[in-house]
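Please read the structure below before turning to the comments.
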Amino acid sequence: MADYVEMWKNLGMDLDKHDNLCAVLPEAFGDIYLSQDNRPEGMGFWDFVVSEIHGIRPSELIEAQKKGQKVFGTFCVYVPDEVVIAADGIVTGLCGGSQFWVPDGEAVLPKSTCPLIKASVGARLGKTCPFFRIADMYVGETTCDGKKKAWEILGQDVPMHIMDMPQMKRPKDVEKWTEEIREFAGVVEKFTGNTITPEKLQKAIHTINEKRKALARVYEARKADKLPISGKDALLVMQIAFFDDPVRCAQMADKLADELEQRIKDGVSVFPEGTKRILVTGTPMAIPNWKLHHIIETSGGAVVCEETCTGTRYFENTVDETKDNLDDQYRAIAERYMGINCACFTPNHGRVDDILRLAKEYKVDGVIDVNLKFCCLYDTEGYTVEKALKEAGIPVLGIETDYTDADAQQLKTRIEAFIEMLN
């Protein structure tokens, strides 16, 4: 990694603690990612981003701030990037995926809070993540009770806007979400000093749609009988998509997809013939949470799709680009985002339908439904998911885990047994 010490110091980061984090990440990444054989050449870009994860993109954000742009830190796929970009703002994801940050989060949160929330809060309070130091405003949402309380803590020293997420999907709920987006647009305009026009919003919608389409192409390649990319590599692409410049992300994802499509034509596979195809469903896997994919893909399985927020929920469906006035555009944005099937909704038949559809499209042999410990929403919905899969004759394994490696061997034993059962 290049020398970013002065930048980190100016951000008020705890350099000693941050050094400990930087010492661990390269080894973990090497063991999990660089140990793979026959990786696509296009993964070189994503590897580079990880190698400079706390340097190159943060430095870009700081340079943009010097030119007057505002950076908005988000935690959920429901927050519409299009609105921020239309006001010449920049969006960066902030969800924490490392056990390193959990202890600092537990200093102010109950231990019975999910690790993603604890890590996210800890990354800010422990002063060990530059993205949390750089963001001018945090944008939260009411998708779970743990997050609602976390926003109160994070909002004590950083401007915080909270979007009130509907809990149902009736017509009046779509109207409500449209109003939330309109209100958010007003907040963004005031904070950036820039007016959102129909023309700017239409351009922003197109930009994010292009990113979604590029990511969808990478996933489309994973439907092939011979898999041109590992699940771990596809997950890495998705994780970085939350941080990177959207235009560059689309370009690099398209470039990778070109290579994957050629690999399919050439019959290139990164897995031996007969490797069992696994669909992972459930809670999101924020960077650098690579544990489950690594265990699956070193236990005889291949992850071919993720029905998660760091998977299909992030890119499926696009916003209608034909609308030419703000009212219709906000409505179109609301309709697209309300099409995401998170466990926060009730009833949530759409998510079960998605899982069954994806299992068929990606020709999976089995499903692993994963729940981050203490996530009540996905844990409870696991019953409905497993019931539907069993009725459809699709083998399913439900697991609960966190960010530690304490359960790694136990998980490996269970997953190996599940894959052996598929054989």
Side-chain angles (χ1 to χ4, degrees), residues 1-30 33-34 44-75 81 84-85 88-105 107-108 118-139 153-160 191-194 236 239-249 251-252 286-290:
M1 182 179 286
D3 188 359
Y4 298 105
V5 173
E6 195 63 30
M7 178 185 74
W8 296 330
K9 188 183 297 183
N10 292 336
L11 289 172
M13 294 174 61
D14 186 325
L15 298 185
D16 290 337
K17 287 174 67 175
H18 185 251
D19 284 346
N20 293 333
L21 175 61
C22 291
V24 173
L25 185 61
E27 182 178 355
F29 185 78
Y33 279 92
L34 303 184
F45 166 77
W46 313 93
D47 291 347
F48 170 72
V49 173
V50 174
S51 72
E52 302 274 329
I53 190 70
H54 279 183
I56 188 167
R57 184 57 177 160
S59 65
E60 289 178 346
L61 297 178
I62 291 171
E63 287 303 309
Q65 287 174 323
K66 291 177 181 178
K67 298 175 183 177
Q69 289 185 275
K70 297 293 185 181
V71 178
F72 293 76
T74 65
F75 303 83
D81 293 357
V84 174
I85 293 172
D88 198 31
I90 303 174
V91 181
T92 183
L94 290 181
C95 286
S98 172
Q99 178 63 24
F100 183 88
W101 292 313
V102 169
D104 285 323
V108 295
K118 290 188 290 189
S120 299
V121 172
R124 167 64 187 180
L125 300 187
K127 302 179 181 180
T128 49
C129 178
F131 293 98
F132 274 88
R133 311 301 299 173
I134 291 169
D136 297 295
M137 173 180 280
Y138 296 163
V139 186
I153 296 170
L154 289 175
Q156 290 177 3
D157 62 348
V158 180
M160 168 72 75
F191 197 71
T192 61
N194 299 321
L236 186 66
Q239 290 174 331
I240 292 172
F242 283 82
F243 294 85
D244 198 23
D245 174 79
V247 174
R248 178 173 58 206
C249 179
Q251 292 171 343
M252 300 312 295
I287 196 168
N289 180 13
W290 307 310

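Numbers here are sequence positions counted from 1. Everything quoted here is computed from the prediction, not taken from an experiment. Reckoned from all heavy atoms, side chains included, excluding hydrogens, waters and symmetry mates.
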Using 0.5 Å steps for rounding, measure from the [atom1] atom of [X] to the [atom2] atom of [Y].
X	Y	atom1	atom2	value
Q251	D245	CD	CG	8.0 Å
M13	C129	CE	SG	7.0 Å
L61	K70	CG	NZ	13.5 Å
C22	L15	SG	CG	9.5 Å

Side chains of [X] and [Y], heavy atoms from C-beta outward: is any pair under 4.5 Å?
X	Y	answer
E60	R248	yes
P159	D136	no
D47	F29	yes
D88	T192	no
L125	F132	no
F131	V71	no
V50	I240	yes
L25	P288	yes

For side chain to side chain contact (heavy atoms under 4.5 Å, CB included), just list the numbers for F100 and N20, CA-CA rounded to whole Å, side-chain angles, deciding distance to a tenth of an Å, and then say yes or no.
-> CA-CA 9 Å; F100 183 88; N20 293 333; 4.0 Å; yes
Among side-chain atoms of W46 and Q239, is any donor-acceptor pair under 3.5 angstrom?
-> no
Please check if any side-chain donor atom of W101 sits under 3.5 Å from a side-chain acceptor atom of T128, or the reverse.
-> yes
Between H18 and W8, ring centroids under 6.0 Å = yes
Over all atoms of both residues, closest heavy-atom pair of [X] and [Y]:
X	Y	value
L236	Y33	CB-OH, 3.8 Å
V102	K118	CG1-CE, 4.0 Å
I134	Q65	O-NE2, 2.8 Å
P58	I53	CD-O, 3.7 Å
I90	R57	CG2-NH2, 3.7 Å
I85	P246	CD1-CG, 4.1 Å

Going by side-chain contact (heavy atoms from CB on, under 4.5 Å), name the residues that satisfy it together with [X], two or more places apart in sequence or in a different chain.
X	result
L154	F75, V121, R124, Y138, W151, M160
K67	none
D14	D16, K17, K127
V84	F72, V91, F184, V188

Please name all residues satisfying side chain to side chain donor-acceptor pair (under 3.5 Å) with N289, sequence neighbours left out, ordered by chain then number.
-> none
R133: what forms a side chain to side chain donor-acceptor pair (under 3.5 Å) with it, not counting sequence neighbours?
-> none
Could you walk me through whether I62 and L11 pass the side chain to side chain contact (heavy atoms under 4.5 Å, CB included) test, one step at a time?
-> CA-CA 10 Å; I62 291 171; L11 289 172; 4.2 Å; yes
Can you check side chain to side chain contact (heavy atoms under 4.5 Å, CB included) on F48 and I56, steps first, answer last?
-> CA-CA 10 Å; F48 170 72; I56 188 167; 3.5 Å; yes
Are any side-chain N or O atoms of N10 and backbone N or O atoms of E6, one a donor and one an acceptor, separated by less than 3.5 Å?
-> yes
